[in-house]
Amino acid sequence: MQKYLIKDLASYEGQELTLLGWASNKRESKGLVFVVLRDGTGWCQCVISQDTVGEALFEEARKITLEASVSLTGLVVKDERQMGGFELQVNALEIIGESLDYPIAKKEHGVDFLMDKRHLWLRSQRQWAIMRIRNKIIFSIHEFFQSKGFVQMDAPLFTGNACEGTSNLFETDFYGDPAYLSQSGQLYGEAMAMTLGKIYTFGPTFRAEKSKTRRHLSEFWMIEPEMAFYDIFDNMDLIEDFLRSVVTAVLDSCEKELAIIGRDTEILKNIIKPFPRLTYDEAVRIIKGEQDVNGQNSIVSLENELKAVQERIGLVQAEIAEREAKIKTPGMKKGEIGFNQAQIDKLKQELSDLQEQERNIPQWLNSARNFEYGNDLGGSDETVITRLFDVPIMVYNWPHEVKAFYLKRDPENSKFARGVDVLAPEGYGEIVGGGERETNEQLLIEKINEHQLPMEAFEWYLDLRRYGTVPHAGFGLGLERLVTWLCKLPHVRESIPFPRMYGRLLP
RNA sequence: UCCUUCUUAGCUCAGCUGGUUAGAGCACAUGACUGUUAAUCAUGGGGUCCCUGGUUCGAGCCCAGGAGAGGGAGCCA
C-alpha cells in the first residue's frame, strides 16, 4: 500500500508519486494550501494549488486539519527552503481519516497536559527524534555485546522473594501466593554466567519507589551483563568500552535526530577520552570541596552556579516586563502582540525552572558541605560531582555497609566493597551500578543475615558458590537514564514511549 | 513519608491592598489575501476561577480542610 517514503524523496526528484501520512501542519492563503506531511520517516511540505487541482479538490484540501491522515499525489520538486530539501506539488489528494480539534497546538504546553496526551504527544517531531535515538541505543547495545561473544539470556520477571527488602517491590498474586515483580535480574544473571560465561539480560524492571524526581520511573528497562572470570577492573574496562561504543553509534547515525532536539554534541564527543576512576574516598573529598578537579572546586562552582541562576532570573524578569509593556502600547499590530505573547510564555516557563533551581541549589550546597563520610552518595551529591567533569566518571570501592549484600569485600581493605557506580556528566548522575560479586560463601551468609533476608530464598544462590565458584562481575545500566543523558532531556519521562511512574498509569 | 511550588477559557498565562458585567495571546469558526515556514487583517463563540466549608455588605483574591500536579529529600538504574 505504502510505496514511497518521505526519507527517500531525493531519489524520486522530478517524478510523480503518492505519499501517505498525517498533516503535522497546515497554512492557507488564497488559492494555496500548504500541508506539512509526516509519514514516520520524515516531514515534507506539500503544496496544493487551486489552479492545479481544481475547485472540488481544493475545497477538500481546505478541510485538511492538524493530524488528519491523508494521501497526497504529486510531483517531487527540489526546494532548498524546505527541511527535507524537497516539496510535493500536489495534483490529487484524499482525506483518509479526519481529525477534529487536535488537542496539541503549535505552542508551549504544560507537562501534565502533555503526559495526559502522551499517545498524541509522541507524534511531535521532538518525541519522534527521541524515540529514534532510543531505538539506536537499544540496537547498539545488542551489537556491542553480541560482537563480544555475550549471549542474551533473560531473567524471570516474577520473583518469589524480596531480594533487597519489600518496600520498593510491586506485589502480585501468583496462583494464590504473593509474588513480586522483578527489581533486578542480577542474581539470575550470575547463575547464567556460570553456564555461558558472558551473558546479558535486557528487560523491564519494576520499582515501587514513591519518588517524584526527574530520574525515577516505576517501570524501566535495564541491561545487566554478567561475566565469569572478571574482576572489578575488568568490569570497569568493559563498562567504559560499552558506553563509548553506544555513544559513538548514536553520534554516527543520529545526527539529524540530535539536531532536531538541539543536543550539543561537542560534550558527547568527549566520550573518546578515558573515564576518570575515583575511589569513594576521593569522590567524598571532591564533593566536600576538599579536593579540586581540573582547578574547579565543587562548593565554589555550585555557589557560582547559584549566582548565575539568580542573575538570569533578573534578566528574564526584566525581559518579561519589557515585553508586557510593549504589548500594551497602543496601535501595536495584532501579529506582533501574538509573537510577544508567545515569547513571554516561553520566558515564564524558563523563569519557573530557574526559580526551582534557586530553591534547590542551596539544599544541595548544604548537603555537599555536610556530607558524612561513610554514607551513600545522594542524588544531589552526584549532581555536584558530575558537574565538574565532561565525561562519565566511575566511583568504586564503597563502604560495604551502604552497598548490596552480594558485592565482594575488597581483599586489600575489608572496609570496602568492590562496587562501581558510573555517573553521567552534565549533572545527570548514576546511570550504571555494578561490581565484582562476593564468592566466599561464609561472607555471603553473614551479609544475608545482616540484611535480615530470608536465608531459604538464597539457597540456590549460595549453590553457585558451592559448586565451582569463580571470580565474576557485572553491572546494570538503566536504559532510560542513558537515553535521557544522551538526549539531554529534562526528565526521564520523555525517554520511554509510555512512562509508568508514581501517580501515572494512563495512557 | 517529609519539604517546597502551583491549580483562572480547549492550551499557555494576567488579574494590583477583597469592590460593578473575570481579561490577553494561541487554538477554533466565518470572511478577506496566490509561496506560507509558530509574526497578515476583521468579526465571533467559548468560564462551576480545582472541591467543601468559613470570615465579610461583598471572595478568583483572606482562613480551614481535602483533591490533583510540578520539583526536591530519602531510595535507586
Side-chain angles (χ1 to χ4, degrees), chain A residues 25-36 43 45 47 49-51 65-66 79 81-83 87 89 100-117 164-165 167-168 183-184 186 205 207-217 220-224 320 324 327-328 333-349 352-353 355-364 366-367 375-380 382-383 402 404 421-424 428-434 475-482 484 490-493 502-504:
Chain A
N25 201 356
K26 186 186 126 186
R27 291 174 286 271
E28 227 180 307
S29 68
K30 172 96 175 167
L32 280 173
V33 170
F34 299 93
V35 170
V36 177
W43 281 259
Q45 172 163 282
V47 189
S49 158
Q50 189 169 8
D51 295 345
T65 49
L66 227 52
D79 187 335
R81 292 170 296 181
Q82 306 310 328
M83 72 172 281
E87 72 172 21
Q89 293 182 347
L100 294 175
D101 299 322
Y102 187 70
I104 299 179
K106 297 175 284 178
K107 68 188 297 270
E108 299 286 313
H109 288 285
V111 232
D112 191 32
F113 176 78
L114 287 172
M115 284 305 299
D116 282 342
K117 303 278 181 279
E164 294 176 35
S167 61
N168 57 354
Q183 59 176 347
S184 165
Q186 128 101 60
T205 303
R207 300 215 179 148
E209 293 157 348
K210 289 184 178 173
S211 297
K212 296 186 83 158
T213 81
R214 57 187 64 211
R215 305 186 299 283
H216 287 87
L217 291 170
F220 63 97
W221 289 72
M222 190 149 69
I223 296 92
E224 293 181 284
I320 289 174
E324 276 178 341
I327 282 179
K328 283 177 190 141
K333 274 205 202 159
K334 219 181 156 210
E336 213 172 340
I337 292 175
F339 175 72
N340 276 296
Q341 189 62 52
Q343 294 302 309
I344 290 171
D345 285 359
K346 259 189 202 169
L347 288 167
K348 286 213 170 128
Q349 186 61 53
S352 76
D353 286 350
Q355 285 169 335
E356 202 88 62
Q357 287 184 51
E358 195 188 18
R359 282 191 293 269
N360 288 334
I361 292 175
Q363 289 178 32
W364 296 352
N366 210 30
S367 154
N375 286 348
D376 204 350
L377 301 192
S380 68
E382 288 175 1
T383 305
V402 301
D421 281 1
V422 177
L423 310 180
Y428 279 94
E430 188 171 359
I431 53 172
V432 167
F475 63 91
L477 169 92
L479 176 66
E480 286 73 20
R481 287 194 179 171
L482 181 62
T484 303
H491 195 295
V492 278
R493 70 181 146 229
Y502 184 55
R504 172 67 60 182

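Per chain, numbering begins at 1; letters A, B, ... match sequence-line order. Just so you know, these numbers come straight off a predicted model, no measurement behind them. The basis for the numbers below is simple: all heavy atoms, side chains too, and nothing from hydrogens, waters or symmetry mates.
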*With a non-hydrogen cut-off below 4.0 angstrom, is A:N360 in contact with a base, only sugar-phosphate, or nothing?*
sugar-phosphate
*Is the backbone N or O of A:Q363 less than 3.5 Å from a side-chain atom of A:S367, with the two atoms forming a donor-acceptor pair by type?*
no
*Options B:U1, B:A73, B:C75, nucleotide nearest the side-chain atoms of A:E209*: B:C75
*RNA chain B in dot-bracket, Watson-Crick or G-U pairs under 3.5 Å, [ ] crossing, | other strand?*
(((((((..((((.....[...)))).(((((.......))))).....(((((..]....))))))))))))....
*How close or far is atom P of B:G10 from atom CG of A:D116, stated in whole angstroms?*
15 Å
*What is the distance, rounded to the nearest whole Å, between atom OH of A:Y502 and atom P of B:A73?*
17 Å
*Which part of the nucleic acid, if any, lies within reach of A:G503 when heavy atoms closer than 4.0 Å are counted: base, sugar-phosphate only, or nothing?*
sugar-phosphate
*Measuring from A:K348:NZ to A:D353:CG, what's the distance to the nearest 0.5 Å?*
14.5 Å
_Heavy-atom nearest nucleotide on RNA chain B for A:L66 versus A:K348: which residue maps closer to 5'?_
A:K348
*Please determine if a side-chain N or O atom of A:R359 lies less than 4.0 Å away from the OP1 or OP2 oxygen of B:G70.*
no
*Find the distance between CD1 (A:I361) and CD (A:E356) and round it off to the nearest 0.5 Å.*
11.5 Å
*Which part of the nucleic acid does A:I104 contact within heavy-atom distance under 4.0 Å: base, sugar-phosphate only, or nothing?*
nothing
*Quote, to the nearest angstrom, the C1' distance that separates B:G19 from B:G15.*
14 Å
*asked:* Roughly how many Å apart are B:C13 and B:A22, using the C1' atom of each and rounding to a whole number?
replied: 14 Å
*For B:G71, does OP1 or OP2 lie under 4.0 Å from any side-chain N or O of A:H491?*
yes
*asked:* Can you identify which nucleotide, out of B:A77, B:G70, B:G35, has its nearest atom closest to the A:R481 side chain?
replied: B:A77
*Gap separating the CE atom of A:M222 from the CD atom of A:E480, nearest 0.5 angstrom*: 10.5 Å
*Donor-acceptor pair under 3.5 Å: do we get one between A:H216's side chain and the base of B:C76?*
yes
*Do the side chain of A:R207 and the main chain of A:Q183 share a donor and acceptor less than 3.5 angstrom apart?*
yes
*Choose from B:G25, B:G72, B:A77 the nucleotide whose nearest atom is closest to any side-chain atom of A:R214.*
B:G72
*asked:* Over all strands shown, is A:F113 touching base, sugar-phosphate only, or nothing at heavy-atom distances under 4.0 angstrom?
replied: sugar-phosphate
_Under 3.5 Å: donor-acceptor pair, side chain of A:T213, backbone of A:R215_ = yes
*Would you indicate what A:W221 reaches in the nucleic acid, counting non-hydrogen atoms under 4.0 angstrom: base, sugar-phosphate, or nothing?*
nothing
_Nearest whole Å is fine: how far is B:U1 P from A:N168 CG?_
16 Å
*For A:R207 and B:G74, give me the distance from atom CZ to atom C1', rounded to whole Å.*
15 Å
*Hey, does A:E224 reach any base, or is it just sugar-phosphate, or nothing, if we go heavy atoms under 4.0 Å?*
nothing
*Taking atom P in both B:G72 and B:G66, compute the distance separating them and give it to the nearest angstrom.*
25 Å
_Would the base of B:G35 count as contacting A:S49 through its side chain, where contact means a donor and an acceptor less than 3.5 Å apart?_
no
*For the side chain of A:E356 and the base of B:G72, is some donor closer than 3.5 Å to an acceptor across the two?*
no
*Letter per nucleotide, 5' to 3', of nucleotides 37-44 of chain B [B base touched, S only sugar-phosphate touched, - untouched; heavy atoms, 4.0 Å]*: BBS-SS--
*If the P atom of B:U1 is compared with that of B:A59, how far apart are they to the nearest Å?*
36 Å
*State whether A:K212 places a side-chain N or O below 4.0 Å from either non-bridging phosphate oxygen (OP1 or OP2) of B:G70.*
yes
_Should the side chain of A:E358 and the base of B:G71 be counted as holding a donor-acceptor pair, with the cut-off at 3.5 Å?_
no
*Would you indicate what A:V432 reaches in the nucleic acid, counting non-hydrogen atoms under 4.0 angstrom: base, sugar-phosphate, or nothing?*
sugar-phosphate
_What is the separation between atom CG on A:D345 and atom P on B:A24, rounded to the nearest whole Å?_
15 Å
_Once you apply a heavy-atom cut-off of 4.0 Å, does A:D376 come out as touching a base, just sugar-phosphate, or nothing?_
sugar-phosphate
*Counting heavy atoms from C-beta on, name the nucleotide in B:G35, B:A77, B:G74 closest to the side chain of A:T213.*
B:G74
*asked:* When the C1' atoms of B:G74 and B:C2 are compared, how many Å lie between them, rounded to an integer?
replied: 9 Å
*Rounding to a whole Å, what distance do you find between A:Q357:CD and B:G72:C1'?*
12 Å
*Taking the side chain as every heavy atom from C-beta outward, state whether A:R481 and A:L217 have any pair of such atoms under 4.5 Å apart.*
no
*Rounded to whole angstrom, note down the P distance from B:C3 over to B:U17.*
29 Å
*Have a look at A:Q363 and say if it touches a base, only the backbone sugar-phosphate, or nothing, with a 4.0 Å heavy-atom cut-off.*
sugar-phosphate
*With rounding to whole Å, what would you report as the distance between B:G47 and B:A14 at their C1' atoms?*
15 Å
*Please give, in whole Å, the distance from B:A29 P to A:D101 CG?*
7 Å
*asked:* Using a 4.0 Å heavy-atom cut-off, does A:I431 contact any base of the nucleic acid, only the sugar-phosphate backbone, or nothing at all?
replied: sugar-phosphate
*Distance (rounded to the nearest 0.5 Å) between A:S352 OG and A:Q357 CD*: 10.5 Å
_Under 4.0 Å, heavy atoms only, any strand: does A:S352 hit a base, just the sugar-phosphate, or nothing?_
nothing
*For atom P, what is the distance between B:C57 and B:C41, given to the nearest Å?*
49 Å
*Tell me what A:R493 touches on the nucleic acid: a base, only sugar-phosphate, or nothing, going by heavy atoms under 4.0 Å.*
sugar-phosphate
*Considering residues at least two apart in sequence or located in another chain, which fulfil the side chain to side chain contact (heavy atoms under 4.5 Å, CB included) criterion with A:D79?*
A:R81, A:Q82, A:E87
